[in-house]
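On a predicted model such as this, the values are computed, not experimentally measured, just so you know. Sequence positions, counted from 1, serve as the residue numbers for this chain.
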Amino acid sequence: MKSPFPETVYATEAYAPNVPVAKKRLEPLGVHVIAIDDDDALPFDDAGFDLVLNKHESFSPAEVRRILRPGGTFLTQQVGGLDCAGINERLGAPDYEYADWTLSQALAGLESNGFEIVDQQEQFPIQRFYDIGALVYYLKAIEWQIADFQPQKYIEQLYGLYLDIQRDGYWDVKQHRFLIHARAI
């Protein structure tokens with residue numbers, strides 16, 4: 001199979017359950033998949049890349065700058081700290097683990113590490129739950145939304161939300177996303 005990518009492409013993955021999935025899907029396309037556990041120590045040479053793409057993953061601005069050539073592009077879409085905060089509020093759960101992660105914080109980190117900001121966007125799209133089972137599944141899968149989520153701990157709040165969904169047909173929460181296009185100076 002001919003690769004749709006340039007000759008040398010790497011993908012890093014820090015979430016262990018995703019590593020075998022990424023390898024299965026990407027390695028046949030010629031992409032080298034590397035599991036990482038430290039954003040501050042990427043296993044790449046200095047100035048070895050023209051482009052770094054990042055979607056919903058943490059990053060070290062200094063380390064991304066180190067591996068990018070001057071003039072190189074960093075493009076990231078991030079999940080902001082207000083993401084689905086309505087879930088935590090409605091259930092009376094502690095704040096989202098990354099509640100302090102903001103666009104301005106990301107921009108400041110990039111600018112202070114040798115990046116010029118080319119573009120930035122921030123959005124708050126709606127995430128809709130049509131049944132309580134979907135919400136419980138989401139909270140079990142997205143373990144950082146409510147640390148150590150156990151349905152029985154929130155049974156009264158979940159039941160109230162179940163009744164609201166039965167009445168309205170759905171329940172909405174706001175997501176939080178931001179996009180940054182930066183150039184290494």
Side-chain angles (χ1 to χ4, degrees), residues 3-85 87-88 93-125 127 141-149 174-185:
S3 174
F5 302 113
E7 185 177 321
T8 305
V9 177
Y10 290 91
T12 60
E13 181 56 61
Y15 186 53
N18 287 348
V19 173
V21 174
K23 285 182 180 243
K24 181 179 178 184
R25 291 183 180 170
L26 296 175
E27 287 183 345
L29 299 172
V31 178
H32 309 281
V33 177
I34 299 173
I36 63 166
D37 58 11
D38 185 358
D39 292 342
D40 293 314
L42 296 175
F44 303 113
D45 293 336
D46 294 356
F49 294 94
D50 293 312
L51 173 66
V52 172
L53 303 174
N54 173 299
K55 183 176 179 189
H56 297 197
E57 190 62 55
S58 61
F59 66 91
S60 162
E63 191 66 355
V64 173
R65 179 61 193 92
R66 180 188 70 77
I67 67 171
L68 270 175
R69 293 182 180 110
T73 297
F74 178 55
L75 185 61
T76 183
Q77 181 198 29
Q78 292 286 300
V79 176
L82 298 176
D83 192 61
C84 297
I87 295 172
N88 300 62
D95 284 342
Y96 171 58
E97 181 179 350
Y98 304 103
D100 62 344
W101 184 230
T102 65
L103 172 60
S104 60
Q105 182 184 17
L107 293 171
L110 289 165
E111 290 173 325
S112 68
N113 280 282
F115 283 94
E116 168 191 20
I117 305 304
V118 177
D119 192 16
Q120 58 179 297
Q121 297 177 27
E122 187 169 35
Q123 298 290 322
F124 296 89
Q127 181 168 336
I142 309 301
E143 58 195 39
W144 47 88
Q145 186 71 46
I146 298 177
D148 298 322
F149 173 76
K174 287 184 183 177
Q175 296 178 317
H176 181 198
R177 302 289 185 269
F178 57 86
L179 173 102
I180 302 172
H181 175 189
R183 181 178 301 116
I185 321 180

To the nearest 0.5 Å, atom OH of Tyr96 lies from atom CD1 of Ile87 at 10.5 Å
Between Ala99 and Asp95, the two heavy atoms sitting closest are CB-CB, 4.2 Å
query = CG of Asp148: more than 12 outside heavy atoms within 6.0 angstrom?
reply = no
CD1 (Ile146) and CG (Asn88) are apart, to the nearest 0.5 Å, by 4.5 Å
Taken to the nearest 0.5 Å, the spacing of Leu75 CG from His181 NE2 works out to 6.5 Å
Which of parallel (below 30°), tilted (30 to 60°) and perpendicular (above 60°) describes Phe49 and Phe44? perpendicular
Measure from the side-chain N and O atoms of Gln145 to the backbone N and O of Cys84, and report whether any donor-acceptor pair falls under 3.5 Å. yes
Closest non-hydrogen contact found for Arg65 with Ile185 is NH2-O, 2.6 Å
Would you check if the side chain of Asp83 reaches a backbone N or O of His176 as a donor-acceptor pair within less than 3.5 Å?
yes
> Leu82 and Phe124: side-chain contact (heavy atoms from CB on, under 4.5 Å), yes or no, with the steps?
Replying inline: CA-CA 9 Å; Leu82 298 176; Phe124 296 89; 4.0 Å; yes
Heavy-atom nearest pair, Phe115 first then Ala184, reads CD2-N, 3.8 Å
CD of Gln123 to CZ of Phe178, rounded to nearest 0.5 Å, is 13.0 Å
* Is Gln78 reaching over with its side chain to a backbone N or O of Gly80, donor-acceptor style, under 3.5 angstrom? -> no
Do Gln121 and Arg177 have side chains that approach each other closer than 4.5 Å (heavy atoms only, starting at C-beta)? no
CG of Leu51 to CG of Leu68, rounded to nearest 0.5 Å, is 8.0 Å
Is it true that atom CZ of Arg25 has more than 12 heavy atoms of other residues, nucleotides or ligands lying nearer than 6.0 Å? no
Rounding to 0.5 Å, atoms NZ (Lys55) and CG (Leu179) come to a distance of 11.0 Å
Sorted by chain and residue number, the side-chain hydrogen bond (donor to acceptor under 3.5 Å, both in side chains) partners of Glu116 (sequence neighbours excluded) come out as Arg183
Output side-chain donor-acceptor pairs under 3.5 Å for residues 27-42, partner residues at least two apart or in another chain, one line each.
residue : atom : partner : partner atom : Å
Asp38   : OD1  : Asp40   : N            : 2.9
Asp39   : OD2  : Ser58   : OG           : 2.4
Asp39   : OD2  : Phe59   : N            : 3.4
Asp40   : OD1  : Ser60   : OG           : 3.0

Between Val21 and Pro17 the two heavy atoms that sit nearest each other are CG2-O, 3.9 Å
For Pro61 and Gly109 the tightest heavy-atom approach is CB-O, 3.4 Å
query: Under 3.5 Å, is there a donor-acceptor pair between the side chain of Thr76 and the main chain of Asn54?
result: yes
